[in-house]
Amino acid sequence: MLWSRLFIPTLRENPAEAEVVSHQLLLRAGYIRQLGAGIYNYLYLAQRSILKIQGIVREEMDAIGAQEFLLPALNPAEVWQESGRWDIMGDNMFRLKDRFGRPLCLGMTHEEVMTSIARGELRSYKQLPQIWYQIQTKFRDEPRPKSGLLRVRQFIMKDSYSFDLAQEGLDAAYEKHRLAYCKIFDRCGLEYVAVEAHSGAMGGSQSQEFMVATNAGEDYVVTCKATGYAANLEKAVSRPVPPAAPDPAGDLSPKEVHTPGQKSIDEVAAFLKVPQTSLIKSLVLVADGKPFLAVLRGDHQLSETKFQTAAGCTEFRPALPEEMRQWLGADAGSLGPIGITNMKVLVDAALEGRRNMISGANKDDYHLLNVTPGEDFAAEYHDLRQVAEGDTELESGLPLETKKTVEIGHIFKLGYKYSKSMGLNVLDQNGVEQPVIMGSYGIGIERVLCAAVELYSDANGMSLPVSIAPFEVVVTPVKAADATLRQAGEDIYNALKKAGIDAILDDRDMSPGVKFKDADLIGIPYRVTVGKKLVEGKVEVSERRTKTMTEVPVTEVVAWLAEKIAAAKQS
RNA sequence: CGGGGCGUGGCUCAGCUUGGUAGAGCGCCUGGUUCGGGACCAGGAGGUCGGAGGUUCGAAUCCUCUCGCCCCGACCA
């Protein structure tokens with residue numbers, strides 16, 4: 001490719017609308033242009049990178065025996081109505097009607113369509129297992145698209161689906177995917193962690209997310225360096241920081257104390273001169289229409305996901321002030337678990353074994369001293385709290401770390417959700433109809449690119465891994481007007497191409513500074529500079545990532561680069 | 001959906017408070033000189049000031065409505 005003939009619209013300045021690094025650089029480096037909120041044009045460079053990522057994904061999927069399909073992005077409503085997700089997806093689904101008024105939608109994911117294929121064709125256990133995948137554009141009407149390509153309304157996803165007769169088959173398909181994903185992300189040059197993820201209320205038994213740590217991310221993961229523990233914050237468990245003060249000893253009875261105007265945990269703790277860890281926090285929640293009281297240590301925060309699991313609900317909200325008054329007889333700030341009979345009380349496990357704590361009295365401006373969970377009120381213990389700063393690993397007590405991350409892949413044991421709702425059954429060895437057990441596995445293709453940019457960039461631009469950079473090598477004759485340099489550059493370029501190296505020749509009649517800056521900006525891993533040293537029969541090879549420069553004889557440069565590139569793709 | 005911000009040549013932005021001939025830098029075109037980290041000289045092209053309506057002799061500027069984009073929150077398989 002001759003740079004002079006390509007459309008690579010680099011910008012000297014950052015476009016005003018870009019906030020996160022990957023967004024800024026993808027725009028500046030001429031990879032993408034925005035068409036609308038959360039809708040992007042992928043220009044030549046982006047498409048080259050994306051094709052390389054897809055190529056790696058294909059190779060690794062094919063390697064586990066997965067078969068590539070291509071399903072419609074445009075879906076009739078019926079299949080989504082059958083699974084029940086036509087309603088569940090709500091406003092996140094793009095919906096439209098055809099000329100006859102028939103409802104359609106743009107696919108957000110393809111469990112339904114895959115299941116509809118399977119149920120028509122899979123009849124016998126002998127046809128199982130199957131793994132089917134596609135690389136397809138997905139549509140989601142995000143309430144707030146943002147961060148460039150990280151949260152968009154239209155994006156490319158590799159999604160695969162496994163079909164098995166029994167749990168062991170699903171386990172095997174899941175494990176194959178887990179290993180394939182590791183290979184894919186390794187080959188894409190990413191640093192990532194696989195974390196335990198929340199599987200949702202709908203029967204999913206196991207799920208893991210592949211996360212890349214970056215400040216541009218929106219998910220939090222908790223990891224322990226020492227033990228390798230890693231989980232999404234939604235699901236992470238930990239050993240809490242011990243209470244800041246010992247509980248008063250003895251078998252004391254609850255005692256009212258006047259706390260005028262003291263509502264927040266902060267205020268009450270200060271007023272009574274005790275640490276927050278001696279207080280009991282009580283939250284009134286309405287889950288699937290039923291009231292619940294969630295009880296936590298004063299300094300702890302409720303994990304919404306854990307509460308949902310404990311309450312067995314699909315949605316919940318905080319109670320309204322009127323509801324609290326009606327049910328508990330006091331306003332928020334004076335609520336507590338004692339004497340509650342009209343709702344279920346869920347207590348966080350961190351309160352187990354504590355004694356003589358302080359809670360609201362269910363009477364405005366009063367709190368109770370000497371409240372002992374399990375004695376003064378019935379306590380059903382659950383893990384309800386979110387991992388907090390300073391918590392340690394549950395088993396080992398070693399330090400935990402919380403990081404902001406972006407999700408690039410997710411593997412998920414679906415179970416029978418779709419096969420049951422949509423009637424996907426096969427006959428087993430005994431001729432008995434059995435529902436098929438399924439798994440679903442996704443990779444966000446653009447997110448792989450974004451994550452790489454976020455991980456590997458500097459003041460000069462991006463510095464992509466060799467395997468996914470739009471080009472592997474740029475050959476830059478310093479002076480285009482110099483016929484000798486130009487010819488030498490062309491020769492090297494042709495030799496690289498012949499050796500199967502993905503090279504580009506920067507034949508533009510520009511000052512060298514511009515060419516160097518552009519090459520750095522778009523992140524080509526190696527640059528061959530053809531200049532002064534040519535009279536000695538040498539060129540200079542610069543490595544983008546390490547900023548190192550090596551003089552290499554012209555006669556050896558192809559072999560030198562071939563070796564480097566092969567090595568870079570290995571690791 | 002709530003809160004905030006921004007829409008002026010391709011890009012970054014000034015001008016708006018206090019109405020009076022649309023500007024700068026970068027980029028682009030032509031010619032020339034240059035050529036190892038975003039060169040220089042000379043000449044040139046390019047803008048319905050997001051859109052509609054209103055006030056006014058006169059609107060980028062004031063008023064009303066509207067559309068779009070960004071950020072925070074709500075939301076997020």
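As the structure is a computational prediction, the values presented were derived from the model and not from experiment.
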Hey, does [X] reach any base, or is it just sugar-phosphate, or nothing, if we go heavy atoms under 4.0 Å?
| X | result |
| --- | --- |
| Arg28(A) | base |
| Lys146(A) | sugar-phosphate |
| Ser83(A) | nothing |
| Ala481(A) | base |
| Asn460(A) | nothing |
| Gly442(A) | nothing |
| Met157(A) | base |
| Pro15(A) | sugar-phosphate |
| Ser440(A) | nothing |
| Arg153(A) | nothing |

By nearest-nucleotide position on RNA chain B, the 5'-leaning member of Leu11(A) and Asn14(A) is Asn14(A)
- Is it true that Glu551(A) and Lys533(A) make a salt bridge, defined as a side-chain N closer than 4.0 Å to a carboxylate O? yes
### Asp518(A) bridged to Arg508(A) by N-O distance under 4.0 Å
yes
Let me know the distance between [atom1] of [X] and [atom2] of [N], rounded to the nearest Å.
| X | N | atom1 | atom2 | value |
| --- | --- | --- | --- | --- |
| Asn92(A) | A74(B) | CG | P | 15 Å |
| Gln24(A) | C11(B) | CD | C1' | 14 Å |
| Met510(A) | C40(B) | CE | P | 15 Å |
| Lys517(A) | C26(B) | NZ | C1' | 15 Å |
| Asn41(A) | G10(B) | CG | P | 17 Å |
| Asp141(A) | C75(B) | CG | C1' | 12 Å |
| Glu540(A) | G37(B) | CD | C1' | 13 Å |
| Asp506(A) | C35(B) | CG | C1' | 13 Å |

Phosphate oxygens OP1/OP2 of [N]: is one of them under 4.0 Å from a side-chain N or O of [X]?
| X | N | value |
| --- | --- | --- |
| Ser511(A) | C35(B) | no |
| Gln34(A) | G68(B) | no |
| Arg12(A) | G27(B) | yes |
| Arg144(A) | C72(B) | yes |

Between [options], which nucleotide has the shortest distance from any of its atoms to the side chain of [X]?
| X | options | result |
| --- | --- | --- |
| Glu17(A) | U12(B), G36(B), C11(B) | U12(B) |
| Asp509(A) | G36(B), U34(B), G38(B) | U34(B) |
| Lys479(A) | C35(B), C11(B), G38(B) | C35(B) |
| Glu13(A) | G38(B), G36(B), G25(B) | G25(B) |

Could you work out the separation of [N] and [M] based on their [atom1] atoms and round it to a whole Å?
| N | M | atom1 | value |
| --- | --- | --- | --- |
| A60(B) | C13(B) | C1' | 15 Å |
| C71(B) | U64(B) | C1' | 27 Å |
| U34(B) | G7(B) | P | 44 Å |
| A59(B) | G3(B) | P | 33 Å |
| A22(B) | G9(B) | C1' | 11 Å |
| A52(B) | A74(B) | C1' | 32 Å |
| C16(B) | G10(B) | C1' | 24 Å |
| G54(B) | G31(B) | P | 49 Å |

Quick one: look up who [N] pairs with, Watson-Crick or G-U, both distances under 3.5 Å, and put none if it's unpaired.
| N | answer |
| --- | --- |
| G25(B) | C11(B) |
| C40(B) | G32(B) |
| U48(B) | none |
| C69(B) | G5(B) |

message: Would you say the rings of Phe307(A) and Phe316(A) are close, in the sense that their centroids are separated by under 6.0 Å?
response: yes
inquiry  = If you take the centroid of each ring, where Trp contributes its six-membered ring, are Tyr161(A) and Trp132(A) closer together than 6.0 Å?
reply    = no
Exactly one candidate in Gln208(A), Lys158(A), Arg178(A) meets side chain to side chain contact (heavy atoms under 4.5 Å, CB included) with Tyr441(A); the answer is Lys158(A)
Base of G10(B), side chain of Arg33(A) - is there a donor-acceptor contact under 3.5 Å?
no
Given the structure, check if the side chain of Asp520(A) and the base of G37(B) hold any donor-acceptor pair shorter than 3.5 Å.
yes
Only one of Arg153(A), His23(A), Arg33(A) passes side-chain hydrogen bond (donor to acceptor under 3.5 Å, both in side chains) with Tyr40(A), and that residue is His23(A)
| query | Does any donor atom in the side chain of Thr109(A) or Glu111(A) lie under 3.5 Å from an acceptor atom in the other side chain? | reply | yes
task = Quick one: sort the Phe185(A) and Phe210(A) rings into parallel, tilted or perpendicular, breaks at 30° and 60°.
result = tilted
Can a donor-acceptor pair be found, under 3.5 Å and without considering hydrogens, that links the side chain of Thr476(A) to the backbone of Val478(A)? no
